[in-house]
Each structure stands twice: as C-alpha cells, then as structure tokens.
Amino acid sequence: MGATPGIAAEQLLDWLEGRLDQVQAAEVAARAAAAGPATQRRIRWMQAFTSASRSMVIEEPPADLHATLLRQFRPPTSGPLAQLHAALSFDSARQPVAIGVRAPAISSRQLIFTCDLLEVALSVRPGLRGDRLDVNGQVYPQQPHSPAGLVARLSRDEQLVDVVLTSDLGEFSFTSLPPGAYDLELTLEQWQVQFDRFAVVLGTAP
Amino acid sequence: MGEPPSDWDLIVACRAGSASAWELLVTRYERLVFSIARTYSLTRDDAADITQTAFLSLFRSLGGLREDTRLSAWLATVAHRESRRVLARGRHELPDALDRLEERLPALGPHESDRMERWELAEWLHFGLAALGERCRRLLIALYFDPSQPSYEQVAERLGTPLGSIGPTRARCIEQLRQILQRRA
C-alpha cells in the first residue's frame, strides 16, 4: 500500500482498529489530520471499511448447500412465458353505502383480481407499524393447476419490493409496506400474470 | 481470459436448459445471499433455508426476468425480506447495528455523497472480495467479516500463515480491495 509519508499503512490500520497505545494513537492521529486530500480520502475509505465490517457478515455457506441449490434446476419444458392480465373485479373500498347509514371505520380492504387462469384475493390491513400496511393474498387457480409454490413479485415504480413463494394453499404475504401504488405479478407454470396496479393507503381507503 | 458471462447471458442460457449456467449463477451469488441472512444474526441453518428459498424463487422467475433486471439486487431483496420474515416469526430483535450501518455506507461507495443501500454495500464488497486472490480474500474475510472474530493467532493458524505476516499482508490486501472497487466505480 502506498504509505502516507510518515504513516505506514499497517500502522494506519492499527490506529483505526484501536490496536495502538494512547501515545502512538495520538501521534498517528496528528499525522493523519495533517495529511493531504488524497490521503484523507484513503483514510476515510479505510475507516468506512473497518466500521462497516463490524456490522456485516460475509461467510461461506455450508458445503452441502451448493449441491442443494444446483439440484433446484430443471430444464424448462416450455418456451417463453405467456402473458396474462388479471383485472380488479372487486374492491371493498368502492362499495356504495346506503344513505343515512354512517360508514363503518375501515380497518381492512379486500381486493379481488380475476383472469381466465386464476383469481387472487388480497386483504390490505394496517401493519404493526402505524405508517405501514400488510397485504395478505391467496391464489385460486382454475383446475387442474396447483396454487402451491407460485412466485409472487411485488414492485413499486418498477423497483422490486419483494418476492415470495405461495404456500400449499396459495397464500402469500407482503408485510410492512409503505403507502403507495404497487404492481403484482404471479408466475404459474408457463404463464406470467400481471395485475391491475393497486394502491395501498393508510386508512385503507382508495 | 475473456470477460465472465453477464447475468443476462446466464439467465438466457438457463432458460435454454443450461445447468452449467445455473451453476455459475449459484456460485456467483450464494455467498451474498447466505451472508445477508447471517447479517440478521440468524443461524447458519436458517440462512441456508433462506438461500434455498431465494434461489428457488429465482429459478421459478427465470422466464419473467428482464434484461435490465439487476440480479444481485433481486436476490438481495429476497434475502432481506425473507430474513425479516424469519425474524418476525422468531420474535427476534433486529440487530441495532444494521440500522447504524447506513450512516457509514456512503464513504465506501463509488461516490461518497451517494446513499448506498445495505444490499448494495454487500454486493459491492462481495464483488471486490471475489476479485481478490484467494489468499487475500480468505485473510480479509477471516479478519473483518467472520462473526466469531478470530484473533490474529487463530487466523494465522487457520490460514497456515506466520503470525508476523498477518499485519503487513492485511494492509496490502485492503489496498488491493480498495483499488478494485475504485476501478469498478
């Protein structure tokens, strides 16, 4: 490593990592403070690296995990995914309320999306954090398709938010979502189903 | 030596049935995904399960990925979200250190003023470490990222290196890492 004049690289690292005694540390600190811009940038980088490393784990996975991951691969039996669109067919927040009846406080909101291949029901509820929401869903595919192990992808502003696999019953959850407009996609066998964009807002009102 | 295949090249090859392309993807990202889960103080078994879930999700999503998909971000997102789900189920506390980490991230990134997400930092460092020689990579991982925080003596014994060489080699390897990451910026 190119050494700062008067400061050996190893000594610099020892200083940053607290390995020097008080006298040595003070001496190095003084020299570092008097160093030029390029050296200051190098010191800041090293400070950030050592600091970040205390909060970060980089580990080799277990040896048998690699083989397990390789076994997940199966050559595809079909061509590119066929695209389907699931439209919003029901939204509890848009249901009319009879005149003279006070509307109940909305604590959850139900959405249903429908296409030829499947139906998906979403329930939007307040999350544990007061400013976040949870979305719980369930997939009901047409027979003979199974709802288990489907990939559900949630995006916002074209940025991936979360990816989950559905349970044996086709259930899935996205938790602690900030309010906003979201796009949901489901992959079922050779189909990719895209859903009408939906908004989740605090109070669950549209 | 030619450039390694891009993630998109590997995704296309996987769609065409190439098991070796899948193996390259796994090799490229399994350490990142596993390490992200471990950053949440989850057990190695939990982290392995999360890694399996992440790659299973990836496999089942291959047909829907686009060329502009950032695969490292995709996998990191799954790893983070799944780790938080496991934490929530186990009622574990989110390590405070993770929240403080973001304050220290910008100086490591390509532009010091940029906010760098946690996953970007992990991916950034993984790239740099992967580009180092094996000796430097093993040394830096042991000294700086091993949660058991081994002593210099333990590291020297583990790597079969003289104790007195740990300090100088550490400095040389960190500078190599810094230069690799700056070239990538």
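Looking at A/Val163, both its backbone and its side chain come within 4.5 Å of chain B, counting heavy atoms on both sides. For a residue to count as touching a neighbouring chain, one of its non-hydrogen atoms must lie under 4.5 Å from one of that chain's; by this rule A/Glu17 touches chain B with the side chain only. When heavy atoms are compared at a cutoff of 4.5 Å, A/Gln192 approaches chain B solely by way of its side chain, counted from C-beta outward. Interface residue B/Tyr144: backbone and side-chain heavy atoms are both found under 4.5 Å from chain A. Both the backbone and the side chain of A/Thr175 come within contact range of chain B, each with at least one heavy atom under 4.5 Å from a heavy atom of that chain. At a 4.5 Å heavy-atom cutoff, the contact between B/Phe34 and chain A is made by side-chain atoms alone. Of the atoms belonging to A/Asp14, heavy atoms from both backbone and side chain fall under 4.5 Å from chain B. Looking at B/Leu129, only its side chain comes within 4.5 Å of chain A, counting heavy atoms on both sides. Using a 4.5 Å cut-off between heavy atoms, A/Arg74 touches chain B through backbone and side chain atoms alike. Looking at B/Ser18, only its backbone comes within 4.5 Å of chain A, counting heavy atoms on both sides.
Classification of A/Asp162 and B/Arg85 as a salt-bridged pair holds, one side-chain N sitting under 4.0 Å from a carboxylate O.
For the pair B/Gln52 and A/Gln72, the tightest heavy-atom approach, listed with the atom from each and the gap, is O-NE2, 2.9 Å. When all heavy atoms of A/Leu177 and B/Arg81 are compared, the pair lying nearest together is CD2-NH2, 3.8 Å. A/Arg153 and B/Ser61 get closest at one heavy-atom pair: NH1-OG, 3.1 Å. The nearest pair of heavy atoms linking B/Gly64 to A/Leu81 is N-CD1, 3.5 Å.
Highest contact tally toward chain A, considering only B/Ala37, B/Ala48, B/Ala47, is held by B/Ala48 [criterion: heavy-atom pairs under 4.5 Å]. Most heavy-atom pairs under 4.5 Å with chain B: of the set A/Leu69, A/Leu150, A/Val151, this distinction falls to A/Leu69. Listed options B/Ser35, B/Cys14, B/Cys173, B/Ala16 were ranked by heavy-atom pairs under 4.5 angstrom with chain A; first place goes to B/Ser35. Of the listed residues (A/Gln83, A/Gln159, A/Arg19), the one with the most heavy-atom contacts under 4.5 Å to chain B is A/Arg19.
Ring geometry, B/Phe145 versus A/Phe49: the interplanar angle exceeds 60°, so the pair is classed perpendicular (tilted spans 30 to 60°).
To the nearest 0.5 Å, atom OG1 of residue A/Thr50 and atom CD1 of residue B/Ile174 are 7.5 Å apart.
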